[in-house]
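Small disclaimer: the values here were computed from a predicted structure and weren't measured.
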Amino acid sequence: MAYTVTWTLTRPDEGTALPTIASISAANKSESDTALSDAGATKGYEVDGLVTKVVYVFPDKATHDALDFSGVADENTVRSTYKQALVDAGITCKIEDSEGATIADF
C-alpha cells in the first residue's frame with residue numbers, strides 16, 4: 001500500500017514567496033530528485049490560495065524509511081537553511097504522513 005508524506009506550507013500573505021531548494025543548492029535539488037525517483041517515489045503539488053501542499057508518494061513505508069539522503073550534496077546545510085527561510089518568511093510548515101503521524105510542525 002502506498003505511503004505518503006505531505007508538507008503543508010502556509011504563506012502569511014500573497015506577497016510572500018515560497019523559498020525553493022534549488023535556490024539554496026541546485027546540486028542538492030537534482031540529487032534529491034534522483035534519489036526519490038530511484039526509490040520509485042513521486043512528488044506532486046496542490047495549491048489553494050496561500051496553502052501549498054507538497055505530496056510525496058512512496059510505494060510503501062519501508063521504501064520511505066530506507067531512503068538515505070546523507071550522501072546528497074549539501075544535505076545538512078539545505079535542511080537547516082530551508083527551515084530557517086520558512087521561519088523568517090512567516091511560513092508555517094506541517095509535515096504529516098498517511099498513517100496520521102506528525103513528522104514536523106513549525
Side-chain angles (χ1 to χ4, degrees):
M1 179 196 275
Y3 174 77
T4 63
V5 175
T6 302
W7 289 49
T8 302
L9 304 162
T10 306
R11 299 178 296 138
D13 54 59
E14 290 181 7
T16 302
L18 286 175
T20 64
I21 299 298
S23 69
I24 299 167
S25 171
N28 179 278
K29 169 76 169 118
S30 176
E31 291 177 26
S32 293
D33 286 350
T34 298
L36 287 167
S37 177
D38 288 352
T42 61
K43 177 172 62 173
Y45 298 89
E46 300 170 12
V47 180
D48 184 10
L50 299 176
V51 178
T52 299
K53 291 185 178 186
V54 184
V55 182
Y56 297 89
V57 180
F58 298 87
D60 51 41
K61 188 173 187 320
T63 301
H64 169 270
D65 292 348
L67 209 54
D68 181 12
F69 289 103
S70 63
V72 172
D74 308 319
E75 184 63 16
N76 290 333
T77 300
V78 168
R79 283 181 184 259
S80 63
T81 301
Y82 190 75
K83 180 179 180 179
Q84 192 60 51
L86 292 174
V87 170
D88 291 348
I91 298 168
T92 62
C93 177
K94 186 167 190 174
I95 305 171
E96 300 171 291
D97 72 6
S98 55
E99 295 181 346
T102 298
I103 298 168
D105 190 1
F106 56 90

For this session: Would you kindly confirm whether Ile95 and Val47 end up in one hydrophobic cluster when ILVMFWY residues are joined by side chain heavy atoms under 4.5 Å apart?
Result: no
Exercise. Shortest non-hydrogen contact from Ser23 to Thr20?
Worked result: OG-O, 2.7 Å
Problem set entry | Worked check of side-chain contact (heavy atoms from CB on, under 4.5 Å) between Ser32 and Glu75 | CA-CA 9 Å; Ser32 293; Glu75 184 63 16; 4.1 Å; yes
Exercise. Which value, rounded to the nearest 0.5 Å, describes the distance between Arg79 atom CZ and Ile24 atom CD1?
Worked result: 12.0 Å
Exercise. Within a radius of less than 6.0 Å around CG of Asp105, do more than 12 heavy atoms belonging to other residues, nucleotides or ligands occur?
Worked result: yes
Exercise. How close do Ser25 and Ala73 get, heavy atom to heavy atom, and via which atoms?
Worked result: OG-O, 4.5 Å
Problem set entry | Reported CH2-to-CD1 distance for the pair Trp7 and Ile103, which is rounded to 0.5 angstrom | 9.5 Å
Problem set entry | hydrophobic_cluster_shared for Val57 and Leu67, side chain cutoff 4.5 Å | no
For this session: Could you check Val51, Ile91, Leu86 and say which one makes a side-chain contact (heavy atoms from CB on, under 4.5 Å) with Thr10?
Result: Val51
Problem set entry | Lys61, NZ: over 12 other non-hydrogen atoms inside 6.0 angstrom | yes
Exercise. Looking at side-chain heavy atoms only, is the closest gap between Glu31 and Thr34 below 4.5 Å?
Worked result: no
Problem set entry | Spacing of CG belonging to Leu18 relative to OG1 belonging to Thr52, to within rounding of 0.5 Å | 4.5 Å
Seminar exercise, completed: The reported gap from NZ in Lys94 to OG1 in Thr6 (rounded to nearest 0.5 angstrom) is 11.5 Å
For this session: Rounded to the nearest 0.5 Å, what's the gap from NZ on Lys43 to CG on Asp33? Could you check?
Result: 4.5 Å
Exercise. What's the spacing between Ser30 OG and Ile21 CD1 if we round to 0.5 Å?
Worked result: 13.0 Å
Exercise. Do other residues, nucleotides or ligands put more than 12 heavy atoms under 6.0 Å from Glu14 CD?
Worked result: no
Exercise. Can you name the nearest heavy-atom pair linking Ala89 to Pro12, along with the distance?
Worked result: O-CG, 3.4 Å
Problem set entry | Side-chain heavy-atom pair Leu36, Phe69 within 4.5 angstrom cut-off | yes
Problem set entry | Sole residue of Val78, Asn76, Val72 in side-chain contact (heavy atoms from CB on, under 4.5 Å) with Asp74 | Val78
For this session: Classify the ring geometry between Tyr3 and Phe58 as parallel (under 30°), tilted (30 to 60°) or perpendicular (over 60°).
Result: tilted
For this session: Tell me whether Tyr82 is reachable from Val5 by hopping between hydrophobic residues (I, L, V, M, F, W, Y) whose side-chain heavy atoms are closer than 4.5 Å.
Result: yes
